[in-house]
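I have placed the structure first, in the form of structure tokens, so that the comments after it can refer back to it.
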Amino acid sequence: MAGSLASQIITAIGGPENVRSLTHCATRLRFELVDASKVDQNGLEHMQGVLGAVPQSGDRFQVVIGGGVATVYENIMHLPEMAGVGGASASGDGQKSNADVKAEARSKARGKVAWLDSFFEYLADSFRPILGVLLGASIIIALVNLLISLNVIPNDEASAGWVFVKAIWKGVFYFLPIMVAYNAAKKLKVDPWLGGAIMAILMTPQFTGLMDAKTTTCVENAALGTKSCTANIFGLPMALSDYSGNVFVPLLMAAVLALVYHGLKRIIPESVQLVFVPFFCMIIVGALTAFIIGPIGVWVGNGLGVGLAWMNTHAPFIFAIIIPMLYPFLVPLGLHWPLNALMLMNIRTLGYDFIQGPMGVWNFACFGTTAGVLFLAVRDKDKAMRQTALGALAAGLLGGVSEPSLYGIHLRYKLIYKRMLVGCGLGGVVIAILGWLFPSVTAAGQTVHGVTTTTFAFTSLLTIPVFNQMWVYAVSIAVSFLTTFLLIITFDYRTPEQKAEVLARAAADQKAAVSSVEAEGAAPAVATATATAAATKTEASVAATTTVVNAPVAGHVISLDETGDPVFASRALGEGVGIQPADSEVVAPVSGVLQTVAETGHAFGIKTDDGVEVLVHVGIDTVKMNGEGFNVKVKANEHVNAGDTLVVVDFDKVKEAGYSTTTLMTVLNTVAFASVAPKTGVDVKAGESVIDIQH
């Protein structure tokens, strides 16, 4: 397994001795490290099978894998060198569990807002382990709703078969508080079974049966459509509620349980802790939860739900737009978990949720972006990105999971968010307008402006049927998807340098493939390649043959090795030259079409009529100047003649900003020619020959 992905990841992460603990969520490996500075982030990011590498506060580090994360995790934990490293489960033999080690490392996290980071980690780790069952249940609900809408199965509550099917997914949401309590307790280094058992107290038939007791007083809540009851327990009033599906109560309960649990462990002798710590915890925390924590949790959840419902009713446009615009920033930071909890609470208290509709707009804007990236990857023969985008798109459209897209693609390319936010905003406007014009009616007969659903669902293609006013939702997500898709394929998601690097790599791969075929003596393939080359040559001969590339600016010509830019020096962007400018005007070095014109004015890509692709890059790292000092004179897709002005640059500003003024120029498709020979060590005027090309 020395060369396996698991082994490569551990090597890049700094070796097994650098790993304190390792867990995983739906798409990511989550490392707690001894020293995060030992991580080879660049190696991880370019590793086959890894979608992204994300450093976090302290010595935490995440490696984004995608849907196969569980398999990679298991392979890592079975590596011989990983024996003894903390995993996801406590051993029960006195060895620290992963939760123990993780919590200790978290306490050392650096930064002024470490407590806030810990809070959101608590929320996230309380939900992450149950994402699978939530996703499975949401797909079952979607399929059942689809079959009902197509009249394949009857919507008959009295049918035994229907009751059975409903129980399959209903059990997940009914017992969700116990699952959350288990995970939350585990996160706080408390026996997780104790957390689950205390939450289960409030869900037993005996407890829920108190609502029907003769001594219990109940009041109907017309606003929420719920019933509030108060029972007399040993002379004390106890507010009763249906806690099924509630998530705020177990989160609060686990926090109180942690205080009691660790307090008892300090005062009870270790020899009898196994018996008396759970005993006192169940009595103390069980009573506190029933009398105080439970009612407070219900009150908090109801209040937040009613507040958002008020906003959705009185300011639907703001609500429908702000949700999809916020999610692209919340999800990468893990700050979306509170909203997920509110969705579940809305379903529990209101009988429906109105957040998931606008959230779906963001998700499909995200997936549309990925689809656009996939389109360009196929067109440009970018094998690595094609594989990444295809997997991310499948995970998104079928599972509603956005992390593979975010970490594998979107957060790597800064131009993507500019395109994606347009789709989020436009989709939000559409769902706001249509949701207002065509309100939905809940099961209780309430009229609600906006798209609603009665269940928690991961917003994917499969779960579209779970939404009321399904056509409104479908139109909205289609708008957001198509908007981002078209923006990406029209304006690209890469800088000129990134695109040029991909094209150069693809050309090199193609040349290597042809050479391999020739070496193997594959006559038919060689004949085909020869015929293709002949056809290309014939076609190119129609246009004037480009044999020289002129200097884009006056100055002293140096080799790419002397420019100080490792990417250009590696010739990944083709052979070329660097020019130390003596003038402010940068001109076209050849005649052709401007395929790319950077928004910041620092880079231009020109393709001649006979297929020579030239990149002019003004300065090094000047993209960071955001166009300041660059007066661009051309637009993309324009045809320019050699000598036409591309941009006038204030090189003094470039120097003041601390960047090199060296202007680089390369022939991107160098591998397509017999020879590309730069002329260096000379002083030239703009328009004089600096590169010779032999076809």
Side-chain angles (χ1 to χ4, degrees), residues 414-415 418 490-501 503-504 546 548-558 560 562-565 567-568 573-574 576-609 612-669 678 683-691:
K414 63 180 181 180
L415 295 179
K418 294 181 180 179
T490 302
F491 299 105
D492 213 309
Y493 64 98
R494 301 158 295 190
T495 62
E497 300 96 317
Q498 290 168 334
K499 180 180 179 180
E501 186 175 354
L503 294 176
T546 302
V548 297
V549 181
N550 300 325
V553 65
H556 182 70
V557 185
I558 60 176
L560 293 179
E562 299 175 82
T563 61
D565 188 299
V567 175
F568 281 93
L573 302 179
V577 299
I579 300 178
Q580 297 168 336
D583 194 4
S584 61
E585 184 181 17
V586 179
V587 303
V590 292
S591 298
V593 176
L594 284 162
Q595 289 192 310
T596 55
V597 175
E599 295 177 3
T600 53
H602 76 288
F604 304 84
I606 306 174
K607 185 175 183 179
T608 67
D609 293 340
V612 179
E613 298 179 13
V614 179
L615 172 67
V616 178
H617 193 286
V618 185
I620 298 175
D621 289 334
T622 46
V623 63
K624 299 176 182 177
M625 295 184 67
N626 295 317
E628 186 177 353
F630 290 74
N631 185 9
V632 181
K633 302 296 184 179
V634 291
K635 296 180 180 179
N637 299 318
E638 281 187 12
H639 186 281
V640 293
N641 295 316
D644 287 350
T645 302
L646 299 177
V647 61
V648 177
V649 185
D650 186 341
F651 283 112
D652 289 334
K653 278 192 175 182
V654 175
K655 293 176 182 177
E656 290 171 6
Y659 301 113
S660 170
T661 60
T662 300
T663 297
L664 304 109
M665 181 176 67
T666 64
V667 177
L668 295 172
N669 54 343
D683 294 322
V684 296
K685 296 179 181 179
E688 293 183 350
S689 172
V690 291
I691 299 176

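The figures here come from the full heavy-atom set of this structure, side chains too, leaving out hydrogens, waters and symmetry mates.
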message: Closer than 3.5 angstrom, by distance alone: can the side chain of Ser584 be matched with the main-chain N or O of Asp650 as a donor-acceptor pair?
response: no

field: Shortest non-hydrogen contact from Ile620 toward Tyr659
entry: O-CB, 3.6 Å

Where Leu646 and Ala588 come nearest, the two heavy atoms and their spacing: CG-N, 3.6 Å

- request: Nearest 0.5 Å please: distance from the CG atom of Asp683 over to the CD atom of Glu688.
  value: 9.5 Å

- prompt: Should Asn631 and Lys633 count as side-chain neighbours, where that means a heavy-atom distance under 4.5 Å?
  reply: yes

message: Between Phe604 and Val634, is there a side-chain heavy-atom distance shorter than 4.5 Å?
response: yes

- request: Measure the spacing between OG1 of Thr662 and CG of Asp565 and express it to the nearest 0.5 Å.
  value: 10.0 Å

task: Report, as yes or no, whether the 6.0 Å neighbourhood of atom CD on Glu628 holds more than 12 heavy atoms from other residues, nucleotides or ligands.
output: no

- prompt: Would you say the side-chain atoms of His617 pair up with the backbone N or O of Gly619, donor to acceptor, closer than 3.5 Å?
  reply: yes

- prompt: Heavy-atom distance under 4.5 Å between the side chains of Met665 and Ile691, does that happen here?
  reply: yes

field: Pairwise distance CZ(Phe651) to OG1(Thr661) - rounded to 0.5 angstrom
entry: 6.0 Å

statement: To the nearest 0.5 Å, atom CD of Glu562 lies from atom CD of Gln580 at 8.0 Å

statement: What one should report as the nearest heavy-atom pair of Ala686 and Val587 is CB-CG2, 4.1 Å

task: Quick one: closest heavy-atom pair of Pro552 and Ile579, and the distance?
output: CD-CD1, 3.6 Å

- prompt: Where the side chain of Asn669 meets the backbone of Glu613, is there a donor-acceptor pair that is under 3.5 Å apart?
  reply: yes

message: Does Thr600 form a side-chain contact (heavy atoms from CB on, under 4.5 Å) with Phe630? I'd like the steps, not just the answer.
response: CA-CA 7 Å; Thr600 53; Phe630 290 74; over 6 Å; no

query: If you round to the nearest 0.5 Å, how far is NE2 of His602 from OG1 of Thr663?
result: 11.5 Å

- line: The reported gap from CG in Asp621 to NZ in Lys624 (rounded to nearest 0.5 angstrom) is 4.5 Å

query: Of all heavy-atom pairs between Val590 and Ile606, which one has the smallest distance, and what is that distance?
result: CG2-CG2, 3.9 Å

task: Any chance you could lay out the side-chain contact (heavy atoms from CB on, under 4.5 Å) test for Asp492 and Leu415, step after step, and finish with the verdict?
output: CA-CA 8 Å; Asp492 213 309; Leu415 295 179; over 6 Å; no

message: Please find the pair of heavy atoms, one from Thr563 and one from Gly578, that lie closest to each other, and give the distance.
response: CG2-CA, 4.0 Å

